[in-house]
Amino acid sequence: MAEAKKSKRPRGTVVISVELCKGCGFCIAFCPSAVLEFSEMFNSKGYHPPHAVNPDACIGCDLCGMYCPDFAIFGARVTREVA
Amino acid sequence: MSAKNPRNQYLRTERMPNIWCPGCGLGTAVNCFISAIEDCETPLDQISVVSGIGCTGRVAGYLKLDSFHTTHGRPIPFATGLKLSNPKLKVVVFSGDGDLFAIGGNHFIHAARRNMDLTIICVNNFTYGMTGGQVTPTTPIDAFSSTTPYGNIEEPFNLPFLADCSGAVYVARWTVFHVRQAARAMREAMHKNGFSFIEIISPCPTLYGRRNKIGDGLKMMQAFKDNSVIADETDTRNVALDFRGKIICGKFVDREKTSFLDMYNIKMAERFGPFYEPYEGIK
């Protein structure tokens, strides 16, 4: 994946802990690359957690992790060896 | 999906999920603090967090640091004792507006007057969240609360001005929307030798936002985004908060002053000369 794209845009991934989410929507509203959207599924407390609708746009800035009041999401840069 | 949140190493994950309402900004303020201590070169066993009672008082229980959950309004006296018995510690007081300025108001102004080397992080949500949304010393005029059903008629505190004129060496205000700036302010305040104060404006969707028809946590965050003006070095007399008015954010005060312990050592050395051994904590 890293060789195929020559763009200098950093690549990232977003990890969501569905059961910790309370569905406040901060991560969805403040994601700079509009990666996230509310999912249709419910978690065990009845909230709709987010899911990545546009995962390729993620730049791993971790702003979602900074905003999440429930420590339920974080973004990370994808390094070459992981990819 | 198996990857762990890097913040978990600073949190007591067995206590999660936290008790805070959906849309509350307290977790975001904790994220800012975690980001500040991550970049801080101080070892974690030399940072301690003290908090009082209230929703914000829970922070001490959720952080995996040496932390203490004190009685209502008394985090600053406890932190003062902690700092004086072990001056190597970086003591952070993480508490709410009601705890620090209503019940513990006197402790705040006297710790600031002494220039005790503490970092005070006050999460201001304009109401008493845990007890049912009563009016606090920071509720703006005209705002509704459970004890002011016709709107608040009392003039609120201007917290940065109170800290400034009591003698704080570092005064800043950010909202939880400004996560990176708030984290930077916390980092700077922890490195400051003296009494540093940071006000973090946070949404309380359940009690403040709902009663005042502002909306849920996300709407309140959007309101902070739209209404905040960043103006560093503003005179703190002009940063009072109005109901639905502009929120002036930034670093207002950054000055150098001799802290309480340094002053103690200087004055005792003047008095006793070569016989005086500078105090560096209880041996």
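Residue numbers begin at 1 in each chain, while the letters A, B, ... track the order of the sequences.
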CG-CZ distance between Asn31(B) and Phe74(A), expressed to the nearest 0.5 angstrom:
12.5 Å
Would Thr13(B) and Phe71(A) count as a side chain to side chain contact (heavy atoms under 4.5 Å, CB included) here? Give the steps.
CA-CA 10 Å; Thr13(B) 44; Phe71(A) 318 107; over 6 Å; no
Between Pro69(A) and Trp20(B), what is the shortest heavy-atom contact and its length?
O-CE3, 4.3 Å
Chain A heavy atoms under 4.5 Å from Leu218(B): which part of the residue, side chain, backbone, both or neither?
both
Short side-chain to backbone donor-acceptor contact, Asp216(B) and Cys24(A), under 3.5 Å
no
Region of Asn5(B) in contact with chain A, defined by heavy-atom distances below 4.5 Å:
both
Applying side chain to side chain contact (heavy atoms under 4.5 Å, CB included) to Glu19(A) and Met16(B), what does each step give before you reach the verdict?
CA-CA 10 Å; Glu19(A) 286 305 316; Met16(B) 297 295 151; over 6 Å; no
Could you tell me which non-hydrogen atom of Lys22(A) sits nearest to which non-hydrogen atom of Ile19(B), and how far apart they are?
NZ-C, 4.2 Å
Between Tyr67(A) and Thr28(B), is there a donor-acceptor pair closer than 3.5 Å when you use the side chain of the first and the backbone of the second?
no
Closest-packed option against chain B by number of heavy-atom pairs under 4.5 Å, given Cys68(A), Ala76(A), Gly23(A):
Cys68(A)
Testing the basics here: between Pro17(B) and Lys45(A), what is the closest heavy-atom pair and its distance to 0.1 Å?
CG-NZ, 4.1 Å
Honestly, the part of Ile73(A) sitting under 4.5 Å from a heavy atom of chain B is backbone
Test side chain to side chain contact (heavy atoms under 4.5 Å, CB included) on Leu63(A) and Arg180(B) and set out the steps.
CA-CA 9 Å; Leu63(A) 206 60; Arg180(B) 303 274 187 221; 3.6 Å; yes
Within residues 46-65 of chain B, which positions have a heavy-atom distance to chain A below 4.5 Å?
none
Backbone of Gly27(B) reached by a side-chain donor or acceptor of Asp70(A) within 3.5 Å:
no
Quick one: CZ on Phe26(A) to CE on Met221(B), what's the gap to the nearest 0.5 Å?
4.5 Å
